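Working notes for the structure below.
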Amino acid sequence: MSKLSQLYQQLIIDHCKKPRNFGKPEHCTHHCEGHNPLCGDNISLYLEVDEEDIVQNIKFEGSGCSISQASASMMTQSLKGKSKEEALQIFEEFQGMIMGNLDPEIEENKLGKLAVFSGVKEYPSRVKCAILAWHAFNGAINSDGKEVSTEE
Amino acid sequence: MLTQAKTHNLNIQLIREEFPILQTKVRDKTPLVYLDNAATTQKPRAVIESINRFYSEQNGTVRRGVYFLSEQATASFEEARQTIANFINAPKSSEIIFTKGCTESINLVAQCFGAAFLQENDEVIISALEHHANIVPWQMACAQRKAKLKVISINQNGEIDLENFESLLTERVKIVAVSHISNALGSINPIKEIIQKAHKFNIPVLIDGAQAVPHCKIDVQDLDCDFYAFSGHKVYGPTGIGVLYGKTKYLEKMPPYQGGGDMIETVTFEKTTYAPLPAKFEAGTPAIAEAIGLAVAMNYLQTIGLDKIEIYEKQLLNYATDKMQEIPELKIIGNACQKASLISFVLEGVHPHDIGTILDQEFGIAVRAGHHCAQPVMKFFKVPATTRASFSFYNTYTEIDSLIAGIKHILEVFK
């Protein structure tokens with residue numbers, strides 16, 4: 001498979017065209033806006049975290065390229081039902097993978113389907129697209145409520 | 001369509017051989033198809049060699065040393081200034097100020113013209129088509145002087161509304177700053193009319209010529225503009241060098257831009273007197289090799305002939321426009337009657353960054369994807385970003401065919 005088809009896999013195209021968990025929920029406990037000023041991608045992320053720190057619900061709204069939209073969509077699927085601790089571990093692993101510091105085929109990890117984004121590491125200009133939703137998640141769960149930007 | 005009938009007589013293959021980078025492959029795989037000429041142009045061998053020659057044989061600082069190298073460097077540097085003055089038909093080489101780029105040229109005028117002429121409640125006019133480099137410096141100058149920024153509106157084709165412009169002209173307006181050609185849409189603006197109308201109110205006009213100098217012959221005396229700014233790297237010259245042409249009557253009344261060496265006549269701790277034009281605006285050691293390289297680029301363009309370049313690039317534009325209009329999912333943004341060889345477009349259901357990445361990876365095609373430093377233009381057309389293909393005289397019909405094939409492939413991937 002060429003590097004490009006690794007990046008634009010059917011799974012990514014599918015999530016881009018039909019994003020899962022898209023929309024604004026009626027209730028949320030945590031919220032964060034993410035913005036990539038270089039290309040104008042933006043995301044609003046909403047979380048409902050219960051008293052035991054479990055992510056009960058997670059939804060997003062936003063617009064941007066296929067990588068940013070698919071990454072947000074698949075992130076919501078992956079993190080729903082996870083504990084805060086587990087979710088942050090997946091965030092670390094996802095970040096490691098797209099920065100080229102973690103090879104999901106060799107090292108043990110909890111990424112599952114998210115490994116589809118491993119091709120992003122070949123495209124330095126697109127890493128920020130893939131990480132935007134995750135930064136928003138990190139900002140939301142740590143609940144400082146401030147807008148996050150890929151340029152900080 | 002009259003221009004279609006004209007012939008350019010250019011041997012594109014021979015021209016391409018003059019540009020070493022056009023012989024390279026992207027990631028050792030696909031031959032480079034460079035269609036981002038509005039961002040920067042590639043350099044002909046003559047320019048590259050001139051820089052090598054300067055550092056190998058002539059390197060010395062200008063206007064200072066009394067030794068051979070410095071005298072040689074000073075002579076070449078001032079000769080470059082004269083070449084550039086001739087290229088845009090400036091009356092005097094002392095009206096050519098070297099800067100580090102078009103952005104600095106505009107900032108220089110915004111700051112120094114602003115300091116001399118702009119007061120509280122005065123107005124500055126720009127257009128809705130401007131690059132950030134012709135917006136932000138004026139916002140800064142207006143904020144400093146408590147002046148107001150007025151914006152000429154555009155129509156849905158991306159053309160300046162001249163009636164709206166006229167309605168903005170009052171005695172409060174101290175300067176008008178507009179682009180010759182829009183970097184985001186390619187619209188060629190009616191700058192001669194704009195200048196004439198402004199001059200009726202004795203208002204000087206700055207033209208941002210970054211996108212125009214590579215594509216058409218510029219005659220600042222015929223235009224009668226008061227300032228004309230452009231960058232070296234967009235006219236086949238080096239980065240780090242730009243030009244500001246300004247009429248002496250304004251330049252003399254403006255305070256210096258930066259203080260330092262070279263821009264002074266005498267310095268005591270009580271008082272400094274400034275050097276005459278152009279040195280007054282050129283503090284510190286300038287980009288000497290780059291200025292010489294830019295002059296070589298201008299000589300190269302003149303050898304080819306800007307009239308021929310204009311004819312051929314117009315043909316490339318028409319060819320690409322026709323091919324793109326055959327793709328139903330593709331929409332061209334900016335349909336001005338007068339357009340330079342640049343097409344901004346959007347594809348239904350595909351973000352410009354995905355287009356840019358796939359064109360690069362699969363086809364070796366370099367295009368720009370983004371807001372083109374013209375966010376107000378994007379907002380006007382209600383798009384977050386566009387993909388922009390911009391053509392040079394070294395581009396070919398075959399390269400445009402590759403672009404069209406690439407676009408059709410992308411539509412398949414996202415089907």
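Every chain is numbered from 1, with letters handed out A, B, ... down the list of sequences. This structure is a prediction, so every number in the text was calculated from the model and none was measured. Every heavy atom of this structure was used, including side-chain atoms; hydrogens, water molecules and symmetry mates were not.
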Would you mind checking if B:Asp36 and B:Arg388 are paired as a salt bridge, meaning a charged N to carboxylate O distance below 4.0 Å?
->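 Salt bridge: yes.
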
Using a heavy-atom distance cut-off of less than 4.5 Å, which residues of residues 66-75 of chain A contact chain B?
->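 When heavy atoms of chain B are the reference, residues 66-75 of chain A contributes A:Ser66, A:Ile67 within the under-4.5 Å range.
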
Ring centers of A:Phe60, A:Tyr46 separated by less than 6.0 Å = no

Check: B:Phe230 ring centre within less than 6.0 Å of B:His180 ring centre = no

So, [X] versus [Y]: side-chain donor-acceptor pair below 3.5 Å or not?
X        : Y        : answer
A:Asp14  : A:Gln10  : no
B:His372 : B:Thr386 : yes
B:Asn395 : B:Glu399 : yes
B:Trp138 : B:Asn134 : yes

Under 4.5 Å to a heavy atom of chain A? For B:His353 that would be both

Residue part contacting chain A, namely of B:Lys415, when any heavy atom lies under 4.5 Å =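 For B:Lys415, the backbone is the part near chain A, not the side chain.
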
